[in-house]
Amino acid sequence: MNLLILGLLAGTFIACLSALNWRFAVKTTLVIVVIEGALRKWAFPQASQLLYFLKDFILFGAYISYFSLPNTKRKIAGKHHTITALTCIVALWCLFQAFNPSLGSLVIGIFGIKNYLFYLPLMWLLPHLFRTEEELYKFLRSYLLLIIPVGLLAIAQFFSPASSPLNVYVNDDTAFALSGNNTVRVTGTFSYIAGYSIYLGLCLCLLLPLLTRQQSRLWRSLTIVEVLLVVITSFMTGARGLMISAILLIVGYFSLQGLTQLGNILRSLTKFILPGILAFIATTVWFRPAVEAFWIRASSSNDLPARIIGSFTDPFRFFVYKGIDGYGTGATFQANGIIRALLNLPSGEYIPVFYESEMGRIALELGPIGFLLWYGFKLVLLLALWNVYRQLKRPFLRQLALSAFLLQAIMFNSQLIFNPTANVYYWFLNGFIFLLPQLEQKVNWQHYQQTWQLYVQSSDFPDSPHK
């Protein structure tokens with residue numbers, strides 16, 4: 001209990017520091033997501049449980065600072081009344097289910113609300129986080145540099161035995177998840193494989209638009225290196241879902257561009273040829289053991305189709321246990337056992353069924369009404385992102401919207417609420433709904449001002465060829 005009090009005091013101090021500069025705090029949170037596992041596994045394993053909440057305290061300080069701003073500086077969200085209304089309805093239902101007696105304690109419900117809603121305000125903050133398209137581009141290219149040390153660490157893990165200090169999970173658990181050829185499934189700096197898989201998916205999502213953007217020779221070379229590390233270490237994770245998602249993302253990215261703008265697809269494919277060739281050589285020649293290990297794992301297990309189908313059918317099987325009600329917000333949270341033991345909380349109602357998929361767990365927690373509200377909300381956000389893509393004209397912003405839309409669509413039924421890495425990135429990408437149109441509007445306004453200034457100047461000189 002003394003450690004808990006000390007952690008709360010430290011967290012309060014961190015939140016106060018974060019409130020001094022909310023923009024820096026949000027960007028720091030995105031970095032913490034990447035290095036949190038390394039801090040918990042190697043740097044401070046004795047404080048692993050407290051470090052799990054480090055990014056939350058930083059983000060909480062950013063929220064306090066941002067929502068203290070005058071209302072006139074936060075008016076962008078008001079333009080999307082449907083999203084705002086659904087946010088309120090979903091939040092109220094999650095709050096209602098947090099008081100569900102089946103939980104056994106309101107504390108479990110509070111943690112459940114945190115899992116559903118705490119990262120949601122990121123999409124409201126994003127329009128004010130970046131002021132120009134250039135600023136967004138520079139942040140993304142700098143943020144993606146993290147994949148270089150993380151990817152190199154993952155390669156070192158792959159070629160190290162499972163007993164190596166490199167290959168541990170949080171709480172010093174040895175990395176027991178082996179792929180083919182008795183090689184370890186890598187986690188990079190993340191606590192578990194799932195977090196690293198989500199990170200690789202996000203990196204690919206952001207790298208595709210960067211590959212087709214005009215960059216200096218140095219930054220283009222770095223982008224290609226990052227693509228290679230994403231491809232190579234994706235095989236090393238042994239994650240079949242990640243590989244399927246990556247293929248769908250790449251195919252969808254170029255196919256939808258071809259359907260809407262044929263000229264752009266040809267330029268995009270041209271810039272993708274060199275990274276594609278290098279990735280093929282790297283995986284088939286230099287890192288062939290990674291491909292072989294992945295193939296052995298993929299071919300020796302045929303449970304993937306059943307798991308995919310089950311993720312959609314589980315909710316309808318689970319509805320029968322509580323009728324129109326649920327077991328409460330946070331009832332299936334994987335850390336409930338630790339929370340109950342640490343705070344000496346009573347046990348909740350026993351859930352008489354095995355659950356794994358995200359859809360099934362949300363059905364158990366929120367019931368059929370909450371399930372429909374939550375996934376209806378996600379569908380509205382997905383359609384809003386699609387509309388942003390269709391309306392944008394700036395190539396880089398348009399491609400960012402397309403890539404984000406595809407990743408959100410592919411991961412629609414994947415782990416989100418129960419994967420903090422996915423949770424942060426999901427709401428960050430949803431912020432593109434508000435951010436990207438605003439950045440394009442600023443560029444258009446600048447062009448209008450320049451044109452008007454040129455017109456005024458030419459009017460002052462009748463013989464000017466610009467008249």
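Along the sequence shown, the residues carry numbers beginning at 1. All figures in this text were calculated on a predicted structure; none of them were measured in a lab.
Cation-pi check for Arg361 over Phe418 is met; the charged atom lies under 6.0 angstrom from the ring centroid and within 45 degrees of its normal. Remark: Arg213 is positioned above the aromatic ring of Phe396, its terminal NZ or CZ atom under 6.0 angstrom from the ring centre and at most 45 degrees off the axis. A cation-pi geometry, defined here as NZ or CZ lying under 6.0 Å from the six-membered ring centre and within 45° of its normal, holds between Lys55 and Tyr52.
Judged by distance alone, the side chains of Tyr327 and Gln97 never bring a donor and an acceptor atom under 3.5 Å apart. A donor-acceptor contact closer than 3.5 angstrom is absent between the side chains of Glu365 and Thr329. Between the side chains of Lys322 and Ser102, a donor-acceptor pair is found at a separation under 3.5 Å. Between the side chains of Gln157 and Ser164, no donor N or O sits under 3.5 Å from an acceptor N or O. Side-chain contact, Lys41 with Ser48: no donor N or O sits under 3.5 Å from an acceptor N or O. In this model, a donor atom of one side chain and an acceptor atom of the other lie less than 3.5 Å apart for Asp314 and Ser357. Under 3.5 Å, the side chains of Glu358 and Ser311 contain no donor-acceptor pair of N or O atoms.
A distance of 8.5 Å separates CZ of Arg141 from CG of Leu218, quoted to the nearest 0.5 Å. Taken from CG in Leu366 to CD1 in Ile417, the straight-line distance is 8.5 Å, to the nearest 0.5 Å. Note that the NE2 atom of His128 and the CG atom of Leu435 stand 10.0 Å from one another [nearest 0.5 Å]. Atom CG of Asn344 and atom OG of Ser105 lie 10.5 Å apart (nearest 0.5 Å). In this structure, the separation between OG1 on Thr28 and CG on Asn21 is 8.5 Å, given to the nearest 0.5 Å. We find the CG-OG1 distance between Leu125 and Thr29 to be 10.0 Å, quoted to the nearest 0.5 Å.
Counting non-hydrogen atoms of other residues, nucleotides and ligands closer than 6.0 Å to CD1 of Ile324 gives a total of 12 or fewer. Other residues, nucleotides and ligands contribute at most 12 non-hydrogen atoms within 6.0 Å of the CZ atom of Phe316.
The closest side-chain heavy-atom distance from Leu436 to Phe130 is not below 4.5 Å. Taking 4.5 Å as the limit, every side-chain heavy atom of Arg394 sits out of range of all side-chain heavy atoms of Arg398. Annotation: side chain of Thr237 is not in contact with side chain of Met243 (no heavy-atom distance under 4.5 Å). Between Tyr321 and Pro352, some side-chain heavy-atom pair lies under the 4.5 Å cut-off. Ile113 has its side chain out of reach of Phe118: every pair of non-hydrogen atoms, C-beta onward, lies at least 4.5 Å apart. Leu30 places a side-chain heavy atom less than 4.5 Å from the side chain of Phe139. At a threshold of 4.5 Å between non-hydrogen side-chain atoms, the residues Asn413 and Phe312 count as touching.
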Inset, instruction - Carefully, step by step, assess Phe405 and Phe432 under the rule ring pair (Phe, Tyr, Trp, His ring centres under 6.0 Å). - result: CA-CA 9 Å; Phe405 163 78; Phe432 284 5; over 10 Å; no

Inset, instruction - For side chain to side chain contact (heavy atoms under 4.5 Å, CB included), just list the numbers for Arg23 and Arg131, CA-CA rounded to whole Å, side-chain angles, deciding distance to a tenth of an Å, and then say yes or no. - result: CA-CA 11 Å; Arg23 287 188 176 89; Arg131 301 177 180 89; 3.1 Å; yes

Legend entry - side chain to side chain contact (heavy atoms under 4.5 Å, CB included) between Tyr143 and Val34, worked out: CA-CA 10 Å; Tyr143 186 70; Val34 180; 3.4 Å; yes

Inset, instruction - Could you check Tyr389 against Gln399 for side-chain hydrogen bond (donor to acceptor under 3.5 Å, both in side chains), going step by step and ending with a plain yes or no? - result: CA-CA 8 Å; Tyr389 162 67; Gln399 290 163 4; over 6 Å; no

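Not less than 6.0 angstrom separates the ring centroid of Phe57 from the ring centroid of Phe53. Residues Tyr192 and Tyr169 place their aromatic rings such that the two centres sit under 6.0 Å apart. If you look at Phe235 and Phe287, their ring centroids are not closer than 6.0 Å.
By the 4.0 Å N-to-carboxylate-O rule, Arg307 lies close enough to Glu356 to be salt-bridged with it.
Here the options are Leu122, Leu429, Ile32, Leu59, the test is side chain to side chain contact (heavy atoms under 4.5 Å, CB included), and the partner is Val424; only Leu122 passes. None of Tyr425, Tyr426, Trp427 except one satisfies the side chain to side chain donor-acceptor pair (under 3.5 Å) rule with Asn423; the exception is Trp427.
The shortest heavy-atom contact between Phe294 and Ala239 is CE1-O, 3.8 Å. A pairwise comparison of heavy atoms in Gly188 and Trp42 identifies O-CH2, 3.7 Å as the closest pair. For the pair Ala282 and Ile232, the tightest heavy-atom approach, listed with the atom from each and the gap, is CB-CD1, 3.9 Å. Between Ala62 and Trp22, the shortest heavy-atom distance links the atoms O-CB, 3.6 Å. Contact record, Val184 with Ala162: CG2-CA, 3.6 Å, taken as the closest heavy-atom pair. Smallest separation of non-hydrogen atoms from Tyr253 and Leu402: O-CD2, 3.5 Å.
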Identify all side-chain donor-acceptor contacts of residues 194-205 below 3.5 Å with residues at least two apart in sequence or on another chain.
residue, atom, partner, partner atom, Å
Tyr196, OH, Thr233, OG1, 3.0
Ser197, OG, Ile193, O, 3.1
Tyr199, OH, Ile147, N, 3.3

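Residue pairs satisfying the salt bridge (charged side-chain N to carboxylate O under 4.0 Å, His left out) criterion with at least one member in residues 91-115, sequence neighbours excluded, are listed as follows: Asp56-Lys114. Listed by first and then second residue, the side chain to side chain donor-acceptor pair (under 3.5 Å) pairs involving residues 400-409 are Gln408-Asn430 (not counting sequence neighbours).
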